[in-house]
Amino acid sequence: MSGYNYEEDSPLANKSNIPEKSFLESLSDDGLLEYIAGLSQEQGEDHGEQYSRGDYFHDKQKRQEKQDREFRERYGNGSELFSGISIYVNGFTKPGRLQLHEMVVANGGKFVHFLSCKGRVSHIIASNLPLKKRVELASYKICRPEWIVDSIEEGKLLPWQDYALLSDQDEIQPKLPQTAIVSCKHPDFLKQFFSKSRLHHLSNWKSDLRAEFCERFLEKPLRIPGKSEVVTVFHIDFDCFFASVSAAANGFDIHAEPIVVCHGTKNSDIASCNYEARRYGIRNGMWVGTAVRMMPRGKKLVRLGYDFEQFELMSKRFYQILHDSQFELVLPISIDEAVCVTGYLTHSECELICRGIRENVSNVTNGCTVSIGCGGSLVLARLALKRSKPDGYQIVDCDGLDDVFWSHLKIEDLPGVGHSLACKISEYSYPPIGNLLELRQMAQDSLRRCVGEKMGNKIYLAVRGKDDEESCKMIYEPRQFFQRKSLSIDINWGIRFDTIYEIDEFIDRCTQYLIDKLRELDKKTSQLTLKIMKRSKDEAIEPPKYLGMGKCDPVARSTRLGVPTDEFGVIATEIKSTFRSLCCPPRELRGIAIQFNKLEKTASNQAKLPFVDAKIYQNLPSDVKSEIGRELNKRSINIRRTAPKRINSYQEQFIQELPTQIRGEVENEIHITNKVNKTKFDEIKEQVAKRQNEKVNAKSHFLGENTILLPIKFQNQTNFKKIIQLVMNWVDGTIRSQGPHEKDLRLFEKYLQRLSDTNRLPLVLRICKLISVKLELRSEFFSHCNGFQEWEKVLLQMILPKLNKNKHTFQTVRKLDIDFDT
DNA sequence: TGAGTGTGGTAGC
DNA sequence: AATCGCTACCACACTCA
């Protein structure tokens with residue numbers, strides 16, 4: 001170890017000269033937070049009395065600055081290897097903390113001593129991390145110290161991912177033989193399902209690649225070609241990616257046997273099949289059983305499983321090659337596919353590039369092949385790619401395109417044209433259009449009439465080798481193009497529930513999943529959509545595919561939230577409430593999708609507002625607390641729990657969890673109450689209190705326990721009884737006077753509407769009956785009163801119509817009564 | 001006429 | 001044993017004021 005002596009540098013002698021106050025004041029916000037964290041951290045260690053807080057920290061601060069300067073002077077050969085990187089070392093490491101500190105600082109990096117403030121640390125170095133800490137630091141880049149050592153040795157910054165600290169659990173846990181399927185009622189369902197879902201992986205990879213593109217862009221703004229510039233586009237794509245990679249990983253020769261990648265043996269989707277399998281007519285997306293039947297007698301079809309890790313690894317190497325090539329833009333399309341853009345290149349230059357890439361990729365992926373299409377526009381590159389497959393490349397020049405090129409392309413080869421549009425187009429004229437050569441003959445107007453304005457235009461341009469404006473955005477406004485605009489989760493497999501409560505729990509878990517992602521993005525949402533898949537009438541309860549969704553009717557409903565939010569309570573409650581409004585009997589549900597539609601950046605003043613962890617604050621030596629407290633106060637820095645819980649009063653939390661509609665009302669009520677408190681009209685006050693009480697009780701009925709983690713309980717007898725009690729008192733109290741107040745009545749009506757919207761007509765019926773009985777009982781004395789007549793009107797004009805309107809659904813609702821325990 | 005909603009289609013393997 | 005049918009985004013038809 002180098003000869004640094006910390007004690008030597010301690011400017012203890014100076015301590016009396018520095019007024020304590022000015023020291024605190026002299027620190028930046030970050031510095032202050034660090035100071036507090038440090039103080040709290042060191043509190044447990046035996047420091048001795050001679051060390052007072054001011055000196056201690058001042059020492060530390062000065063010492064560190066000095067150290068860093070010295071390190072750099074002594075060792076810094078001007079290396080900027082770690083420039084822009086700031087590391088934090090956690091726990092015991094080899095080499096040790098001090099050595100790492102030295103290495104990083106000497107090479108232009110920053111060394112952070114405390115993890116007090118998020119965002120200041122780019123990497124965490126650790127050799128071993130206990131599970132708890134791992135969870136706590138999950139959002140950081142955590143890698144082993146060898147990353148630093150090796151990077152210095154190599155003289156270049158190595159990818160930290162290669163040194164990522166794997167959890168002990170990951171390593172120790174033995175690979176279990178196929179685990180049984182976890183039911184959708186089980187908390188681990190989502191995790192297990194996603195871990196095996198190819199589509200989930202494809203979607204996630206795509207999002208990650210897009211996010212990475214944006215980050216890259218932010219770091220180093222790319223040169224975007226001008227719209228008038230001539231560009232060359234390379235569209236590069238693996239040949240049957242999953243099949244190739246799985247085959248290579250399992251030692252199969254991709255050319256020798258027909259291979260498919262799938263889970264099962266019968267009604268399982270084929271994610272990918274090699275060209276050998278395609279010779280027999282097998283296609284991606286087919287069921288395995290169908291494919292097996294297409295094989296000639298005696299010929300075997302090889303079935304391989306998914307190896308998502310391997311797919312990811314191969315993709316990483318693929319993209320690495322593209323990034324290392326001299327493209328101006330590398331645009332991610334999917335895990336195995338990218339579009340690369342350069343300025344004008346000659347034909348032979350293009351050829352050189354295509355060959356180079358194909359060879360490089362094959363070298364690093366155990367012989368997997370990519371095909372490349374190259375042309376002067378996105379669409380030409382893509383069409384050329386189609387023609388080049390498999391295992392080839394094609395460079396096309398717009399002017400030199402012959403009829404052969406077009407006649408070999410199918411309508412579905414056009415980007416954005418799938419099965420549905422292809423059918424529409426081919427059937428639009430007689431004889432049916434079969435290839436792009438024929439489609440080129442179609443007039444722009446007919447095309448637009450056939451497939452719509454935009455798509456008609458797009459296709460018209462596409463068959464002439466030109467991109468439409470929308471597709472161009474990928475090149476000319478890539479950041480906007482790859483920016484995420486929504487966030488959602490879809491589950492349409494394995495969904496089999498019996499009760500509404502199980503669905504509530506499931507919705508809670510989905511919501512939590514989304515919120516975690518939302519917070520990672522530092523965003524909030526202001527519009528939600530719930531989409532469900534409901535078994536179509538007359539469809540079998542269990543479809544051919546095991547736990548599949550079968551034929552379903554999709555239904556969607558969206559909600560606007562007044563204020564963008566990332567609160568679990570608000571969102572989960574809203575979704576659960578929306579689910580009820582869609583009237584799907586629990587057993588008929590086959591799929592759920594939840595979307596966050598309008599994403600907004602978390603308000604910057606809120607996001608950046610520094611805060612001190614309450615725990616840390618509590619740990620401070622008591623003599624400093626008050627002083628620190630004052631300083632924090634002065635700077636408007638909050639003390640709060642680390643898991644930010646912004647709701648502090650019971651009432652607020654309660655309101656947060658109400659569905660928006662009701663929330664608005666309750667908030668309004670509270671607003672009125674506050675006003676009333678000022679004007680002190682006792683009578684009104686009483687009325688409002690009563691009304692509010694009634695509302696709150698009504699909400700308790702909806703929400704049951706107020707803990708967000710508990711399932712919503714609808715059968716809470718006590719609460720419903722309370723509501724009835726309230727209503728009855730209300731009727732009693734107003735029957736002999738002027739009748740119900742209009743405002744009260746409106747609230748009451750909304751409550752009834754809510755009940756009927758959420759399939760609880762029996763409750764409405766019960767309220768109806770009780771009121772009717774009450775009126776009957778009172779008719780002898782009060783039938784002449786205004787109030788009596790008003791109530792009769794309510795019964796006949798408001799409540800009964802609701803029941804009648806829903807008569808047709810009453811039958812099904814009846815069946816659900818058991819669930820609602822009325 | 002413009003804004004908002006729900007539906008449908010497509011893309012990747 | 002089966003089986004893991006996701007998810008972001010655009011365009012359109014429709015409704016409402």
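We name chains A, B, ... by the order of the sequence lines, and we start the count at 1 in each one. Just so it is clear, the model here is predicted, and its values are computed rather than measured.
For A/K485, the NZ atom counts as densely surrounded, since its 6.0 Å shell holds more than 12 non-hydrogen atoms of other residues, nucleotides or ligands. Sparse packing is recorded around CD of A/E469, with 12 or fewer heavy atoms of other residues, nucleotides or ligands lying under 6.0 Å away.
Residue-level contact check: A/L547 touches neither bases nor backbone, having no heavy atom under 4.0 Å from any strand. Nucleic acid contact class of A/I333 (heavy atoms, under 4.0 Å, all strands): none. Residue contacts for A/R283: at a heavy-atom cut-off of 4.0 Å it reaches no nucleic acid atom on any strand shown. Nucleic acid contact class of A/G456 (heavy atoms, under 4.0 Å, all strands): none. A/F194 comes within 4.0 angstrom of the backbone, heavy atoms only, and of no base. As judged by a 4.0 angstrom heavy-atom cut-off over every strand, A/I335 is placed among residues making no nucleic acid contact. A/Q483 comes within 4.0 angstrom of sugar-phosphate atoms only, judged by non-hydrogen atoms across all strands, and of no base. Counting any heavy atom pair closer than 4.0 Å across all strands shown, A/K531 reaches no nucleic acid atom.
What separates CZ of A/F318 from P of B/dG12 is a distance of 14 Å, to the nearest Å. Distance CG (A/N284) to P (C/dG5): 13 Å, rounded to an integer number of Å. Summarising the geometry, the separation between NZ on A/K458 and P on B/dT10 is reported as 12 Å, rounded to the nearest angstrom. What separates CE of A/M549 from C1' of C/dC6 is a distance of 12 Å, to the nearest Å. C/dC10 atom P lies 12 Å from atom CG of A/N597, rounded to whole Å. Rounded to whole Å, atom P of C/dA8 lies 11 Å from atom CG of A/D208. Distance CZ (A/R303) to P (B/dC13): 22 Å, rounded to an integer number of Å. Per the geometry, NZ belonging to A/K206 stands 10 Å off P belonging to B/dA11, to the nearest Å.
Ion pairing of A/E588 with A/R535 is present here, as a side-chain N (NZ or NE/NH1/NH2) and a carboxylate O approach within less than 4.0 Å. Looking at A/K458 and A/D467, no side-chain N of the basic residue comes within less than 4.0 Å of a carboxylate O on the acidic one, giving no salt bridge. For A/K185 and A/D498, the salt-bridge test passes: some basic side-chain N is under 4.0 Å from an acidic carboxylate O.
Not counting sequence neighbours, A/F252 has no partner by the ring-ring contact (aromatic ring centres under 6.0 Å, His included) test. For A/F238, the ring-ring contact (aromatic ring centres under 6.0 Å, His included) partners at least two apart in sequence or on another chain are A/F241, A/F318. The ring-ring contact (aromatic ring centres under 6.0 Å, His included) search around A/H263 returns A/Y306, not counting sequence neighbours.
Listed nucleotides C/dC4, B/dG12, C/dG5 differ in distance to A/R198; the shortest reach to its side chain belongs to C/dG5. Ranking C/dC6, C/dT7, B/dG9 by closeness to the A/N204 side chain, first place goes to C/dT7. Closest to the A/S486 side chain, of the nucleotides C/dT7, B/dT10, C/dA8, is C/dA8.
Considering CD of A/Q527 and CZ of A/R560, their distance stands at 4.5 Å, rounded to 0.5 Å. Note that NE2 of A/H408 and NZ of A/K386 are 15.5 Å apart. Values are rounded to the nearest 0.5 Å.
Note on residues 272-292 of chain A: no pairs pass ring-ring contact (aromatic ring centres under 6.0 Å, His included), not counting sequence neighbours. Listed by first and then second residue, the ring-ring contact (aromatic ring centres under 6.0 Å, His included) pairs that reach into residues 515-536 of chain A come to none, sequence neighbours excluded. Sorted by first then second residue, the ring-ring contact (aromatic ring centres under 6.0 Å, His included) pairs that include residues 443-496 of chain A, not counting sequence neighbours, are A/F193-A/W493, A/F213-A/F482.
Contacts between residues 237-250 of chain A and DNA chain B, counted as heavy-atom distances below 4.0 Å, involve A/D237, A/F241, A/F242. If you check residues 259-275 of chain A against DNA chain B, the residues with a heavy atom closer than 4.0 Å are A/A271, A/S272, listed by number.
When the C1' atom is used for both C/dG5 and B/dG9, the distance is 16 Å, rounded to whole Å. Distance check on atom P: C/dT3 versus B/dG12 gives 25 Å, rounded to whole Å.
An OP1 or OP2 oxygen of B/dG9 is reached within less than 4.0 angstrom by no side-chain nitrogen or oxygen of A/H419. For C/dC4, one of the phosphate oxygens OP1 or OP2 lies less than 4.0 angstrom from a side-chain nitrogen or oxygen of A/K545. A/R278 has no side-chain polar atom (N or O) that falls below the 4.0 Å cut-off from OP1 or OP2 of B/dC13. Between A/S203 and the phosphate of C/dA8, there is no side-chain N or O to OP1/OP2 separation shorter than 4.0 Å.
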Taking only distance into account, with no hydrogens and no angle test, what donor-acceptor pairs under 3.5 Å do side-chain atoms of residues 413-423 of chain A form with protein atoms, sequence neighbours excluded?
{"residue": "A/D413", "atom": "OD2", "partner": "A/K410", "partner atom": "N", "Å": "2.8"}

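Using a 4.5 Å heavy-atom cutoff, the side chains of A/L514 and A/I594 are in contact.
Both A/F481 and A/Y546 lie near DNA chain C, and the one whose nearest nucleotide falls closer to the 5' end is A/Y546.
Aromatic ring pairs are classed by plane angle as parallel below 30°, tilted from 30° to 60° and perpendicular above 60°; the pair A/F189 and A/F506 is tilted.
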inquiry  = Walk me through whether A/S272 and A/N284 qualify under side chain to side chain donor-acceptor pair (under 3.5 Å).
reply    = CA-CA 5 Å; A/S272 178; A/N284 287 357; 4.6 Å; no
Pairs under 3.5 Å (Watson-Crick or G-U), crossing ones as [ ], inter-strand ones as |: DNA chain B comes out as ||||||||||||.
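Nearest heavy atom pair, residue A/R509 against residue A/P187, reads NE-CA, 3.4 Å.
By the stacking rule of 5.5 Å between ring centres and under 30° between planes, A/W493 does not stack on the base of C/dG5.
Results of the side-chain contact (heavy atoms from CB on, under 4.5 Å) test with A/I503 over A/P586, A/C584, A/C184 single out A/P586 as the only residue that passes.
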Where do N or O atoms of nucleotides 5-8 of chain B meet protein N or O atoms at under 3.5 Å, pair by pair?
{"residue": "B/dT5", "atom": "OP1", "partner": "A/R560", "partner atom": "NE", "Å": "3.0"}
{"residue": "B/dT5", "atom": "OP2", "partner": "A/Q527", "partner atom": "NE2", "Å": "3.0"}
{"residue": "B/dT5", "atom": "OP2", "partner": "A/R560", "partner atom": "NE", "Å": "3.3"}
{"residue": "B/dT5", "atom": "OP2", "partner": "A/R560", "partner atom": "NH2", "Å": "3.1"}
{"residue": "B/dG6", "atom": "OP1", "partner": "A/S558", "partner atom": "N", "Å": "3.3"}
{"residue": "B/dG6", "atom": "OP2", "partner": "A/S558", "partner atom": "N", "Å": "3.0"}
{"residue": "B/dG6", "atom": "OP2", "partner": "A/S558", "partner atom": "OG", "Å": "2.1"}
{"residue": "B/dT7", "atom": "OP2", "partner": "A/A556", "partner atom": "N", "Å": "2.8"}

Per-nt protein contacts along nucleotides 11-17 of chain C (heavy atom under 4.0 Å; B base, S backbone sugar-phosphate only, - none) come out as SS-----
